[in-house]
**Q** 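Please read through the structure below; I'll follow up with questions.
Chain letters run A, B, ... following the sequence lines, proteins first and then strands; every chain starts at 1. Since the structure is predicted, the reported quantities are computational estimates derived from the model, not experimental observations.
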Amino acid sequence: MFRLRLEKVFFIVFLLFYFVPSIYGEGRLTVPSQIEISMARIGQIYNFKEISGIYYEVANYVQDGLRVKIEPAIPSRERLASREFEPIPDLSWVRLDPEKFALNYGEKVPANFYLAIPDDAQLLGKKYQFNLRVHTLNYPQPIFLTTKVLITISETRISMIELIQELELDKLKFDLTPHQCLISNFPLGKEIDISKFTDKPFELSNQSEQKYAFNLTVSSSTENCKLEIPEHQRGNINFLNLDRDEIILEPYESKKFHPCLLIPDEKNYGDKEFIFLIRAQVLGQIPEQSKFSIIRVKTGEKQ
Amino acid sequence: MNESIKKHYLFLTLFITGAAVMVLELAGTRVIAPIYGSGLFVWASLITVTLTCLAIGYWIGGKTADKKPKFGSFYLIILIGGILIAPVSQISSPVLKLTANLGFRLGPLFSAYLLFAAPLILLGMVSPYAIKLATNELKVLGSTAGRLYAISTLGSFIGTLLTGFLLIPAIGTKKILCLQSLILILLWIGYHLITKKYSLGLSSTVLLFLPILFVSTYFFPHKESKKIRMLYKSESIHGQLKVFEEAMERKLYLDNMRQSSIHMNTYLPTGEIYYSFELLPLFNPGGKNALLIGLAGGNIPRRLWEYGIVTDCVDIEPKMEYIARKYFGFLDHFGKIYIEDGRSYINNTRKKYDFIIIDVFTGDDIPFHLLTKECFQEIKNLVGENGILAINFMGEVYGKNSLGWKSVYQTLRQVFPYVRALSLLEGSKLIDTVSNVIFFASETPLAVSDDTKPFCRGRLAQHIVNLFLKCELNTDFTEGTILTDNYSPIEFLRKNVAQKIRQKQIIFEPERYFLE
């Protein structure tokens, strides 16, 4: 006999993998003897398969064409797993899927059950037990098996991590556009707002439900950018100036900014291609979360 | 051999061993605090262990001195004491784990005996032995004993000051114990050098590696956990501060009591209580500034920033600012940080606030002076007519131990005509269960629209705010004590709150709880 602990994100299911066999004639029928569900929360519906990753499995080693029924049952007080537990107050909390099925010899049925815990504060911290009764319908001497299901309801109403995931708020969503742009024939010796050369304005958008402050910089580092820039193409960061270095964005807000580029009118900058990186980074956050805008600039001939 | 040097060296020894006793007692509380807290039982345990061991030491020391009054034996006692202190920092973790099942009264007591009894008994033996060695004739016994006790007590005084005010916050308990062990071993070496027993003295220098070895992370690397990553650990005046990353959360603990937590990707606070304070701008949408007493990770200012509220933060722990900025993304936009006692700030500031929030409950200690009628009166003067005071209180909601929050409620009602108390445990009738109770108090009615959606910033906040609004505690009771500066038995009224929280952590989060 051993106990397997399966942890899902929000609550814990223990399955006691001591299969209760019913030896009959040459064969037997097996189900798990005990299932423990802890940290269940009020007002939630739990799908056993989803939370445990396995099915409630009934295996038939009795005969072909065995018809079996599973039903929830309220245990008598004498048959409770321990004194801590009470019989479940209402069987309507449990729904089985399927309730009846037919099995051939050696076949296993992946059954499942749903547990709906009412949103009632009086249930907080309570421990309940119900039984799953499995019995044959077409065998001369019916076989009865029981799985004890032990439920511990959490003392707290919500799990914040669970809620954050449920609301899909677990990813920080923001964007810096354009992701890439190519500017051709950029004149030397003139400071120009490069937004004029792109289809879309330079824009930082917060797609999250929380307000964030962002740091905007012209970056010389390609770390976190997944881009290799040859040394001779690396733009001098002093040539590119941003009209702001910090942007605060309310949820779902976007703000434009203007990068101005001035490449000196010198021979060695003429007819070349340079790459500049603008980085937007969430202020004060580690590990760093950043987005890049890659600007490729081809300069014209020296005048 | 110059007897005068020997005598003066004896005085120095007495001074140092006197200091060592107090260093061990003070550092001992810090060794035990992360598991058992820094409350009454821990202090009582350390004092009990120190006094009983010293008594035993005096008795044995006196008898031994009468039999063999030799300087060599005297310094051997000190050497063994020093050697026994060396491994304390390494064996403390398994010892504390071992005693955790004994509960919060016997646990710290047995831990203290197991860790500190042997060195304390040996240090106790020193004084009577030294008196015997220093006394040449009986007629000056009184003055000799008096002088030696005075020196030893002076050492204890300096040791207490140094450890409590300087060493614990500066270098932490592990290094203090290492240093103490080194100094006691050095006394043995020094004695042999001044008595010109160079070979024994110099060969004993190898023993100096022993305490260094025990604090070395090379020989004793930090235990790694697959699930939990420790980002920061530091000793402070108020306890041991740790920042962990576990699953998707970053959490701040003070002596193993959670202070703050955020979601690592988004920096969304992961404690529901932080969102409960978003009721403040819902009660008073015109509010623009707030004062928070109890910064921790700065989750509350972050959330209030969503509503355009700038929050000045006051915290008594100087390291909190660094932690809030580095690990919890506290920004200057949220507000200013002041390192000061909350009550003192309230007394001295001339600034007016729309909201004042008290969130200072570490679990172990409760700053009673922030929950008195007089303090609430001072806050009332700071917040003005539409201002609101909010308090995060931890305690039992139901049962005979629920007098804590009921007393705070009764005290608030003495000052503010409108008080609301909310707890997510409402309706459960769970006794012996600790939960947060959030108070709101004002001179004007605390009403909020049924539809919070247009006012809440984000679905998460809206969900939690709605949940709190459904969880208003029944305040139709007469129990509770009015808390005043003169009479505030709040620690007794809360009863074992910290123990209950710790007990749960030991059961449900043992890996994190005992992670060094």
**Q** Minimum heavy-atom separation for Trp305(B) and Lys211(A), please, with both atom names.
**A** O-NZ, 2.7 Å
**Q** Taking side chain as C-beta onward, heavy atoms only, is Leu460(B) less than 4.5 Å from Ile164(A)?
**A** yes
**Q** What heavy-atom pair brings Lys470(B) and Asp119(A) nearest, and what distance separates the two atoms?
**A** NZ-OD2, 4.3 Å
**Q** Need one label for Ile262(B): side chain, backbone, both or neither, based on atoms under 4.5 Å from any heavy atom in chain A.
**A** neither
**Q** Is it the backbone or the side chain of Phe330(B) that comes under 4.5 Å from a heavy atom of chain A, or both, or neither?
**A** neither
**Q** The criterion is ring pair (Phe, Tyr, Trp, His ring centres under 6.0 Å); which residues satisfy it with Phe328(B), sequence neighbours excluded?
**A** none
**Q** Would you say Gln207(A) has more than 12 foreign heavy atoms packed within less than 6.0 Å of its CD?
**A** yes
**Q** Out of curiosity, Gln285(A) CD to Met264(B) CE, how far, rounded to the nearest 0.5 Å?
**A** 9.5 Å
**Q** Do Ser261(B) and Met160(A) have side chains that get closer than 4.5 Å, going by heavy atoms?
**A** no
**Q** For a quick test of reading the model, state the closest non-hydrogen atom pair linking Thr266(B) to Asp170(A) and the distance between them.
**A** CG2-C, 3.8 Å
**Q** For chain A, which of Asn265(B), Leu331(B), Leu231(B) has the most heavy-atom pairs under 4.5 Å?
**A** Asn265(B)
**Q** With no hydrogens and no angle check, do the side chains of Gln210(A) and Arg303(B) hold a donor and an acceptor under 3.5 Å apart?
**A** yes
**Q** Can you give me the closest heavy-atom contact between Ile286(A) and Tyr267(B), atom names plus distance?
**A** N-OH, 2.9 Å
**Q** When only pairs under 4.5 Å are counted, which of Gly329(B), Gly458(B), Ser428(B), Ala247(B) shares the most heavy-atom pairs with chain A?
**A** Ser428(B)
**Q** So does Lys255(A) have more than 12 non-hydrogen atoms from other groups sitting under 6.0 Å from NZ?
**A** yes
**Q** If you compare all heavy atoms of Arg157(A) against all heavy atoms of Leu424(B), which two are closest, and at what distance to 0.1 Å?
**A** NE-O, 2.6 Å
**Q** Write down the atom of Leu163(A), the atom of His463(B), and the distance for their closest heavy-atom approach.
**A** CD2-CD2, 3.4 Å
**Q** Would you mind checking which part of Leu268(B) comes under 4.5 Å of any heavy atom in chain A, side chain (CB onward), backbone (N, CA, C, O), both or neither?
**A** both
**Q** Which residues, numbered in order, of residues 240-253 of chain A come under 4.5 angstrom of chain B by heavy-atom distance?
**A** Glu246(A), Ile248(A), Glu250(A), Pro251(A)
**Q** Any idea which of Lys429(B), Arg250(B), Arg457(B) has the most non-hydrogen atom pairs under 4.5 angstrom with chain A?
**A** Arg250(B)
**Q** Would you compute the distance between atom CD1 of Ile161(A) and atom CD of Glu249(B) and round it to the nearest 0.5 angstrom?
**A** 4.0 Å
